[in-house]
Every structure is written in structure tokens, then in C-alpha cells.
Number of protein chains: 2
Amino acid sequence: MAVRIDDLDRKILREVQRDAGQSLDEIARAVGSSKTPVWNRIRKMREAGVMGTQTVVLDPEALGFDACFFVLIRTSEHDAAWQQRFLEALRARDEVQEAHRLAGDIDYILKVRVPNARAYDQFYQALIAEVRIHNVTALLSMEELKFTTALPV
Amino acid sequence: MAVRIDDLDRKILREVQRDAGQSLDEIARAVGSSKTPVWNRIRKMREAGVMGTQTVVLDPEALGFDACFFVLIRTSEHDAAWQQRFLEALRARDEVQEAHRLAGDIDYILKVRVPNARAYDQFYQALIAEVRIHNVTALLSMEELKFTTALPV
DNA sequence: AGTGAAAATTCTCGTAG
DNA sequence: CTACGAGAATTTTCACT
């Protein structure tokens, strides 16, 4: 699983994370190399799965997604069947942008993006109707201070 | 600020969120239109800021970022000067992928991506050395069940 | 592994329906 | 507002260093 990444690869990753819309020429110039080697490395990293899908980050507010919640979940059920149903429920719901299984006291955290508080409540009601959950705390974001998907490679 | 987005715009956004590397032709075919109208709409949405930067999502594990923490922060200080310093500290640190100011009991939540637990501790020590913080809880992710930046437009 | 150039594809925009 | 198509730019391949 460990892919060998050298310094030039890292520079390329930094550039494409910053702006994946750049031309190969621009990237090559930015990293101090030329088109072909950069192209070969990009292809290799794509095949290795180091570089995943290319996306565009949209402005949530401009599209009417004004509410963002972090949802802390405790459950008493830990059997495989329950986990499977919970996982499927999360994957099926487009509002759920992130879901992590946690170590410790709290079992799961979700990041949920919805148009407004009422839409969150609908999501919440639908979720607890599908799977049994012991305790839920919703943290409402007032302001997104920082957002990036870039890793500090 | 509200931009008028019609059904064709929405289809285009769905496509570019799914894969921004597609050619204009492919997108046009997928949304049932042709190049020129699609291109004009993309340009317009870019200018309006609806579509932000284009990036590549990298595989954290493949690059040695094996630890992801959600950090819940309570503070007793709420004056403007403190907030400013806190904000600058977050922006300056590449480990911090997300930061939100919250409503209610907990004041801030951060998402922090680091190579390992020791790197998290270094981040934590550096942060509390820079700004006064009343109470911190770190939630360690064991497993990323879902991740998407796509909005359900 | 890197260079340079040629071939295939895609972007960008003018013209027209 | 949408479709088509030509010229420009870019991506992708390949022979050579």
C-alpha cells in the first residue's frame, strides 16, 4: 500500500491540490520540471490511488445550504447487523458529507449540510426511525472559519 | 448574493462534482445539452463564485496521514483580539483542514489531519502555547465511513 | 528518468439557426 | 438561448538523449 513518493511528486501534489485546473505546462513550470515527467508521475499516482477524483468545491451558501451541523452519536448497539444498517443509512443520505467511527466515549461523528434547521430535523427524524441510537448531540456551525481538503504533503 | 440556478445548471454541477476531469463534450452529453450552453453556464457560475477552486482529493493513508482528530474547544475568552489570534493560528496551520465557530456550549470544532498521535500532540501543544483555551476534547477517528465534498444540488 | 516534438483531443469563441 | 464548426491550446504518445 505504501507508494514511494519523492520530492518532485510532492511538489506536483501540492500544485494540483492548490488548483487542479492548471495545464500540464503550468504545473511543470511551477514544480521546475517539464511536461512528460510530470505527466508520467501524475498518471502513476492516479493509478496507485494516491490521487483520487477531481472535483469542484461549490459555495454552499450560494446554493442555499445555509446550515451545517456536526452530529455526535452514542449508541448502545454495537453488533455487526446494526453497524451495517447504520452505514447504509449514512451512505444513502446526500446530506451526510462526512462520517467517522470514533475511539472512546462518543461512537460516531457526522458532518451534515442542509438548507436550514428544519431540514436537519427531518434528517434526524429519518435517521432515528431507521436505526436505534442512544444519544445524539448536534453542534450547529455559526461560521466556517477554514475549509480545505488539501493535505500538507 | 442569491444566484439564479436552473435545472440544467444543477445537472452540470452534479456532473462536475462527480468528476471535474471530464471534457466539455462528456459533460454536455451527460446533461443532455451541447458544448456552448454548458460552457457559458460553467463560466457564469465560476464568475459568480458558485463554483470554487478545482482540486484533487488525495488518499490520506497512502501519504502517511494516518490520524484524524475532531477537536472540540471551549474558551472563556471571547474578545475580538483573542478571536483574531485564534483565527490566524488556525489558518497558518496546515494540519487544520476545517474550523467552525459553533452555537452553544462548545465554541469551536476543528478537523485536524496528522501522521500520528504524536504529531497531534505537537499541534495541540503549539496551539495552546499561542492562544489561551479553557477546555479541549479530542475525538480520534478510527475509520472514515464516508467522505464527500459534493452538495446534493 | 528527462527532453522535444508530433499526433490526437479538447477548449474557446465566432457565426448562424 | 442553443447548435455547429474552425482555429488555438492542451493533452498524450513516442523516439531519442
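Owing to the predicted nature of the structure, the values given are computational and were not obtained by experimental measurement. A note on names: the letters A, B, ... follow the listed sequences, proteins ahead of strands, and every chain is numbered from 1.
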Query raised in the report: For every nucleotide of nucleotides 7-14 of chain D, 5' to 3': is a protein heavy atom under 4.0 Å from its base (B), only from its sugar-phosphate (S), or from neither (-)?
Result: ---SBBBB
Report task. Under 4.5 Å between side-chain heavy atoms, chaining through other members, with only Ile, Leu, Val, Met, Phe, Trp and Tyr counted: pull out the rest of the cluster around A/I133, sorted by chain and number. Result -> A/F69, A/V71, A/I73, A/W82, A/F86, A/L87, A/L90, A/V96, A/Y108, A/L110, A/V112, A/V114, A/Y120, A/F123, A/Y124, A/L127, A/I128, A/V131, A/V136, A/L140, A/M142, B/L145
Report task. Run through the side-chain heavy atoms of Ile, Leu, Val, Met, Phe, Trp and Tyr, join any pair under 4.5 Å, and report what else lands in B/F147's cluster. Result ->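 Hydrophobic cluster check, B/F147: joined to B/V57.
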Between [X] ([atom1]) and [N] ([atom2]), how many Å, whole number?
X	N	atom1	atom2	result
B/R41	C/dC13	CZ	C1'	18 Å
B/I42	C/dT12	CD1	C1'	13 Å
B/R29	D/dT2	CZ	C1'	18 Å

Report task. Can you run down the salt bridge (charged side-chain N to carboxylate O under 4.0 Å, His left out) pairs that involve residues 16-28 of chain A, sequence neighbours left out, and say none if there aren't any? Result -> A/E15-A/R18
Using residues 41-48 of chain A as the side-chain source, report each donor-acceptor pair under 3.5 Å to any protein atom, sequence neighbours left out, with the distance given to one decimal.
| from | atom 1 | to | atom 2 | distance (Å) |
| --- | --- | --- | --- | --- |
| A/R41 | NH1 | A/D6 | OD1 | 2.8 |
| A/R41 | NH1 | A/D6 | OD2 | 3.1 |
| A/R41 | NH1 | A/D9 | OD1 | 3.0 |
| A/R41 | NH2 | A/D6 | OD2 | 3.3 |
| A/R43 | NH1 | A/E47 | OE2 | 3.1 |

**Report entry** Of the listed nucleotides D/dT2, C/dG2, C/dA1, the one nearest the side chain of A/L8
**Finding:**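 Nucleotide nearest to A/L8's side chain: C/dG2.
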Requested in this report: Output, in order, the C-alpha distance, side-chain angles, deciding distance and verdict of salt bridge (Lys or Arg N to Asp or Glu O under 4.0 Å) for A/K111 and B/E98.
Outcome: CA-CA 11 Å; A/K111 182 187 175 187; B/E98 277 191 66; 2.9 Å; yes
Query raised in the report: Which residue pairs satisfy the side-chain hydrogen bond (donor to acceptor under 3.5 Å, both in side chains) criterion with at least one member in residues 127-136 of chain B, sequence neighbours excluded?
Result: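 Every pair satisfying side-chain hydrogen bond (donor to acceptor under 3.5 Å, both in side chains) with a residue in residues 127-136 of chain B: B/R74-B/N135.
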